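Just so you know, these numbers come straight off a predicted model, no measurement behind them. Every number for a ligand or one of its atoms is a count from 1 in the order of the listing. Residue indices begin at 1 and follow the sequence shown.
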Amino acid sequence: MNLFDIENKVILITGGGGVLGGEMSNYLLSNGATVIVLDRREETVNAALEKLKKVSANVFGYVCNVLDETSLKEIADQIITTHGKIDVLINAAGGNMPGATIGVDQTIFDVNIDDFKKVVDLNLFGSILPALVFGKKMVENKKGVIINISSMTAQSAITRVVGYSASKAAIDNFTKWLSVELATKFGEGLRVNAIAPGFFIGNQNRDLLIDKETGKYTDRGDTIIRNTPMNRFGETDELNGTIHYLCADASKFVTGVVVPIDGGFSAFSGV
Ligand code: NAD
């Protein structure tokens, strides 16, 4: 038995049109999986499909807001009708928004609480709702893997991004909570884990890390590099090995973990 075989697994990726979700889709397709991309806008889904179809024909897409339970349920039924099962759900839709970030000259008392709530909604409920809707289909099949995306902001304070941090800390707890619930009540075939990427340049953080005018790292970008023992930002394809492992039977006794992929950032005290 090949522990790392993911051929013919049906893998659903929310935010599959984004930077990290797009890279994962590409990798998993190249390794024989069937990939279903979910993203919020039609043009994002179409652009992702156009790119990914060059890798394999086994890619499909749906326009879907991860906060819309009705639409998630309709899509779940359509996927079961078309593909018969859902093996893996990767919750890669997420991100930050400016109002939930404390500006350089601001303090916590200036935070926009509506944006704070929106960020928590997107990252937390945008993972909980798909986990419940697609997870129910996995339970019916007694087998399935859910992978959430946490962040370095979850376990220690990273300045400015307060709303995002709160939402990702909740993701860590929800990952553990759901892993226990599914394994104890529905059996060991149901697993829930998360990855915690370190710093990768994505749409959500580009402006914080790279100066638009000069193209150089901002002070914040420099500080991150100084606190990353490997002395660089991550490359998006460096998430693929861990994602592959978590999707496959190689990790069949692994549930409830959050794996940092961070060049040593979370291990380092800064001294
Ligand atoms: P991204 O902005 O490139 O991709 C996110 C995708 O999610 C986009 O395609 C967007 O359209 C989609 N999306 C947003 N709201 C949605 C909604 N309501 N319904 C459906 N789709 C929606 O971001 P990314 O850098 O690829 O990040 C992906 C995940 O990884 C996020 O959860 C992010 O917080 C997390 N993360 C990123 C980094 C990083 O350095 N880039 C680090 C740690 C964690």
Side-chain angles (χ1 to χ4, degrees), residues 12-27 36-49 51-52 61-72 75 89-98 100-101 115 118-131 133-134 147-156 158 161 163-172 174-175 194-210 217 220-221 224-225 228 232-240 242-243 258-263 265-266:
L12 200 56
I13 308 190
T14 72
V19 174
L20 302 188
E23 171 59 39
M24 291 170 199
S25 301
N26 189 321
Y27 172 83
I36 302 172
V37 168
L38 260 60
D39 214 301
R40 188 175 33 178
R41 293 204 183 85
E42 192 165 359
E43 58 270 27
T44 314
V45 173
N46 289 342
L49 291 183
K51 237 192 255 170
L52 294 168
Y62 292 91
V63 178
C64 174
N65 178 352
V66 288
L67 296 171
D68 179 350
E69 194 177 356
T70 309
S71 142
L72 287 166
I75 290 167
L89 163 68
I90 303 177
N91 278 316
N96 199 4
M97 62 185 61
T101 299
D115 283 353
K118 280 186 200 146
V119 168
V120 174
D121 258 350
L122 173 60
N123 291 295
L124 181 58
F125 292 98
S127 299
I128 291 179
L129 286 172
V133 172
F134 300 118
I147 302 173
N148 294 321
I149 315 289
S150 179
S151 154
M152 286 300 112
T153 61
Q155 293 300 325
S156 51
I158 290 190
V161 289
Y164 184 75
S165 304
S167 69
K168 292 297 187 181
I171 282 290
D172 282 11
F174 178 66
T175 299
I195 60 165
F199 294 87
F200 297 72
I201 307 285
N203 297 331
Q204 60 164 17
N205 58 11
R206 186 170 285 109
D207 289 352
L208 283 172
L209 303 181
I210 295 177
Y217 293 147
R220 189 178 178 84
I224 289 166
I225 299 286
T228 302
R232 62 174 175 84
F233 287 110
E235 300 290 339
T236 51
D237 64 357
E238 290 173 314
L239 302 177
N240 292 337
T242 308
I243 289 286
V258 182
V259 185
I261 308 171
D262 65 349
F265 182 90
S266 57

- Query: Is a salt bridge present between Asp115 and Lys118, judged by a nitrogen-to-oxygen distance below 4.0 Å?
  - Reply: yes
- Atoms in ligand 1 with a heavy atom of Gly15 nearer than 4.0 Å: 6 (C), 7 (O), 12 (C)
- Got an N/O contact under 3.5 Å between Phe200 and ligand 1? yes
- Measure across Val119 and Met97 and return the closest heavy-atom pair with its distance rounded to 0.1 Å. CG2-CG, 3.3 Å
- Residue portion contacting ligand 1 (non-hydrogen atoms closer than 4.0 Å) for Ala93: both
- Contact (N/O only, under 3.5 Å) between Pro197 and ligand 1: no
- Item | N or O contact, Leu38 vs ligand 1, cut-off under 3.5 Å | no
- Message: One residue to check: Ala196. Relative to ligand 1, which of side chain, backbone, both or neither has a non-hydrogen atom less than 4.0 Å away?
- Response: neither
- Polar side-chain atom of Asp39 near backbone of Val63 as donor-acceptor pair, under 3.5 Å: no
- Query: How many angstroms lie between CD in Gln155 and OG in Ser165, if you round to the nearest 0.5 Å?
  - Reply: 11.0 Å
- Item | Element-labelled atoms of ligand 1 that are located less than 4.0 Å from some non-hydrogen atom of Cys64 | 19 (N), 20 (C)
- Note on the structure: The reported gap from CD1 in Ile147 to OG in Ser127 (rounded to nearest 0.5 angstrom) is 12.5 Å
- Query: To which of Met24, Glu23, Arg40 does the heavy atom nearest atom 14 (C) of ligand 1 belong?
  - Reply: Arg40
- Take every heavy atom of Gly198, measure it against each atom of ligand 1, and state whether any distance is under 4.0 Å. yes
- Message: So, 4.0 Å and heavy atoms of Ser150: is ligand 1 close enough to count as a contact?
- Response: yes
- Grab the two heavy atoms, one from Ile171 and one from Ile149, that are nearest each other, plus how far apart they are. CG2-O, 3.9 Å
- Query: Hey, does the side chain of Asn240 reach the backbone of Tyr27 with a donor-acceptor pair shorter than 3.5 angstrom?
  - Reply: no
- Measuring from Thr44:OG1 to Leu38:CG, what's the distance to the nearest 0.5 Å? 12.0 Å
- Query: At the 4.0 Å heavy-atom cut-off, does Lys168 count as touching ligand 1?
  - Reply: yes
- Taking only heavy atoms of Asn65, which atoms of ligand 1 are found under 4.0 Å from at least one of them? 17 (C), 18 (N), 19 (N)
- Heavy-atom contact under 4.0 Å between Gly17 and ligand 1? yes
- Query: Is there a heavy atom in Leu67 that sits closer than 4.0 Å to ligand 1?
  - Reply: no
- Query: Under 3.5 Å, is there a donor-acceptor pair between the side chain of Thr14 and the main chain of Ala93?
  - Reply: yes
- For Val66 against Leu72, the heavy-atom pair lying closest together: O-CD1, 3.4 Å
- If we number the atoms of ligand 1 from 1 as shown, the ones under 4.0 Å from a heavy atom of Ala92 are 28 (C), 29 (C), 31 (C)
- Could you verify whether a donor N or O on one side chain and an acceptor N or O on the other, from Thr175 and Asn148, lie under 3.5 Å apart? yes
- Task: Work out whether the distance between some heavy atom of Tyr164 and some atom of ligand 1 is less than 4.0 Å.
- Result: yes
- At under 4.0 Å between heavy atoms, what of Leu122 touches ligand 1? The answer is side chain
